[in-house]
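Notes follow once the structure below has been shown.
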Amino acid sequence: RSGSVLYRDLKGATAFDNSFWDVELAALSFERSASFMAMMELEMEELVAYYNANQTDFPESDFMLMFGMTGPRRQGDVGRFHMINRRDKKHSKKKS
């Protein structure tokens, strides 16, 4: 529902005379914001699994924010995010 409100507000804010609303771009933005908001509901283990499978979906700073946020089903732990990144960087160096 929050994503729907965001979509409506964005469309309203850009709807003025001679303005252009790109429906495809708006749909993509809405989908990305809905996905980001859905991450708030994930438990920490689910968030870790999502991050490991979808690291390119959002910028690193967005994932860091999400890991640090306390949600309805998890306690924020930005240290967990940093630990995963360090582990990933070590594995990528060994493959080189």
Take E45 and R73 through the test salt bridge (charged side-chain N to carboxylate O under 4.0 Å, His left out) and record every step on the way to the result. CA-CA 11 Å; E45 293 307 316; R73 298 171 56 200; over 6 Å; no
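- For Y51 and N85, the side-chain atoms include at least one donor-acceptor pair closer than 3.5 Å.
- No continuous path of hydrophobic side-chain contacts links M83 to M44 [ILVMFWY only; heavy atoms under 4.5 Å].
- When all heavy atoms are compared, the tightest approach of D57 to Y50 is OD2-OH, 2.8 Å.
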F67 vs H82, test: side chain to side chain contact (heavy atoms under 4.5 Å, CB included). Steps then yes/no. CA-CA 9 Å; F67 271 84; H82 294 299; over 6 Å; no
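- Heavy atoms from other residues, nucleotides or ligands lying under 6.0 Å from CD of Q55 number more than 12.
- Considering CE of M40 and CE of M37, their distance stands at 6.5 Å, rounded to 0.5 Å.
- The existence of a salt bridge linking R74 and E46 is excluded, since no basic side-chain nitrogen approaches an acidic carboxylate oxygen closer than 4.0 Å.
- Aromatic rings of F36 and F58 (six-membered ring for Trp) have centroids within the 6.0 Å cut-off, being under it.
- The line from CZ of F81 to CG of L47 is 9.5 Å long, rounded to the nearest 0.5 Å.
- Interatomic distance, D88 CG to N52 CG, rounded to the nearest 0.5 Å: 6.0 Å.
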